Amino acid sequence: MSLTRRTPCGTVRTEQVGSDVDLYGWVHRRRDLGGLIFIDLRDRSGIVQVKFDPVHAQAHAAGGGLRSESVIHVRGPVRVRPPGTENKELSTGAVEVEAHAVDLLNRAQPPPFAVNEDGAVDEQLRLRYRYLDLRRSRMARNLQLRHRMTKAIRDFLDDQGFVEIETPVLIRSTPEGARDYLVPSRLKPGHVYALAQSPQLYKQLLMVAGMDRYFQIVRCYRDEDQRADRQPEFTQLDLEMSFVGEDDVLDVIERCFAHIWKQVLNVDVPTPIRRITHAEALRRYGVDKPDLRYGLEIEELSAIFATTEFKIFRQALDSGGVVRGIRIPRNVGGKEIEALTEVARAEGAKGLAFWHREPNGWRSPITKFFSDGELTGLAQATGAQPDDVVVAVADRAEVAAAALGSVRKAAAGPLGLIKDGNFEFVWVTEFPLFERSKETGEVTAAHHPFTSPRPEDLPLLDSEPLRVRARAYDLVLNGTELGSGSIRIHDPEMQQRVFNGLGISREDAERKFGFLLNAFRYGAPPHGGFAYGLDRVVMLAAGEETIREVIAFPKNQQAEEVMTDAPAPADPKQLRELGLQLMPRPPQAR
RNA sequence: GGCCCCGUGGUGUAGCGGUCUAACAUGCCUCCCUGUCACGGAGGAGAUCGGCGGUUCGAAUCCGCUCGGGGUCGCCA
């Protein structure tokens, strides 16, 4: 069996007609006509039809016994298919291979689910037999798409003068950020490494080291609960540049996306990608990662109802709140309104006001509470046409934004406003530097503690830190946050001021980040960068709903890898070596 | 931890108080078939309906608990 003579299944063409080929692959499907037998033979390159004619008795006999997913070797000449029997669905459809010799290399049991079709199969089962699942066209296509994407990224960044440099995975744990995966040290008992959540600090130090333009396609680890777009280990495209401002970073990133979208999907991404400030995103779309594939913009209606006597609006406005609404360009029924009301309530709104626009006025249970002027204003502000519906929330600005942001998202699908293959990129800029933690009430870094404040907001740093805006930006695609970046602090005194704002004392900062502050005292260039989730990018490019569909061996919601059954119970011998002892489990746990 | 959805032959679904001795498609097994390509035809095997408990004369179907999976909120500097 000489693999050098192998012809990939999907590459057989009319040029090879008459010459013998050696095919190696999996039996995709068998069609036994009694005399003639046809087999679709599959490998990564595609599918080719193999013909078993009774004239070649030995091969024909072997062909009759072949089962789906068995691995075989076939030798024989390429033939032109008889006129009228070509298959336009296959790249190899003009020809077929006439089997003269067949080797059964591995006989397959019937697989637990159909490998030769892409129908729905329980995900747990797919993951347990992932090696079979990866044979199916959907996953094979996704993994190859992912490869082409990482290659396009490397090609582009190399061309732009970036150097790919690996950084440590076993690093010092820092308290900020997500929960760390810890790795105990054998050589230093009682000490632990953390698996890197990102190469953030190392890449900044590479800038201090004069590497100028760095990137890395890098695995990152975060021990948090799973989501459709979150895995405990995921891959980032991480990059950092010296002597740059926001526009330089955004420019490289958007040209990078334009390049890979063109290379991989043959889709043009218009550049520059539009920008919207964080504050404007919240006002117009209710979220900091707006989906711009559809309109349904949130309208500010507070002025129209400034003197309203409608009690619910009155109370909201009097206590400093707002009235905002969305025009829904269709007559949605009571059931749909009810569903949207539930969506709004889930975000803390007390309810959802709604009016049906009619040729001469409005129809709604609450119309009677409003003056003609208010209703005219409503029509003008929303541009509502007859048969449209306007929904509104009166509440604190944050609640109204969140509620209408959710309503907007929930309404778009049923209204048929989301078209397949539509990619709407948008930069969200001017993020706040700090935010207040919902549960502890402490001030934390909105992005990370190394993000530079905007110079014009520096006077607010000590007095009103929550109003300080950062030189930070997110890239959003179709309502999914792809990644974020910022211009970093490169001055030790500024870094210390921001640490102060975060309640990190000088001693704390020296202990945890002394190496960084130290480095900044030896000639640190101004620098900034970006990182995005490669899995999410591939997911969106592949039209998938979860990143598990673009990861070869993902983990489930319990962070288990069900094929190998990881994690597994700790071996006492390993624990002894590490100087570790397990605590007894609390009785209520499992 | 909260909320929501889903567990029925190998796979995917239907059935949602009695007619279920559980249906359909596909896969599997046997036989027929020389131009199929989701080949076709005939026949066959295969599920006590995730588990436990309850309601009921009667439960796949209703209720409770539980196990497993997924989505989401919290969390993700």
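Convention: sequence-line order gives letters A, B, ...; per-chain numbering from 1. Since we're looking at a predicted model, the values are computed, not measured.
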Summary of ring-ring contact (aromatic ring centres under 6.0 Å, His included) pairs that have at least one residue in residues 489-515 of chain A, sequence neighbours excluded
A/F450-A/F513, A/F499-A/F513

So what's [N] paired with, Watson-Crick or G-U wobble, going by both distances under 3.5 Å?
N      : result
B/rC57 : B/rG18
B/rC24 : B/rG12
B/rA42 : B/rU30
B/rC76 : none
B/rC3  : B/rG71

Using atom P in both nucleotides, what's the gap between B/rC4 and B/rC20 to the nearest angstrom?
34 Å

Whole-angstrom distance between B/rC24 and B/rG46, as gauged at atom P:
15 Å

Would you say A/R230 places a side-chain N or O within less than 4.0 Å of OP1 or OP2 belonging to B/rC75?
no

Going by distance alone, is a donor N or O of one side chain under 3.5 Å from an acceptor N or O of the other, for A/R488 and A/S486?
yes

Show the distances under 3.5 angstrom between N or O atoms of the protein and N or O atoms of nucleotides 22-26 of chain B.
none

Taking only residues two or more places apart in sequence, or in another chain, which ones meet A/R467 in a salt bridge (charged side-chain N to carboxylate O under 4.0 Å, His left out)?
A/E464

5′-ward residue of the pair A/H448/A/N556 relative to RNA chain B
A/N556

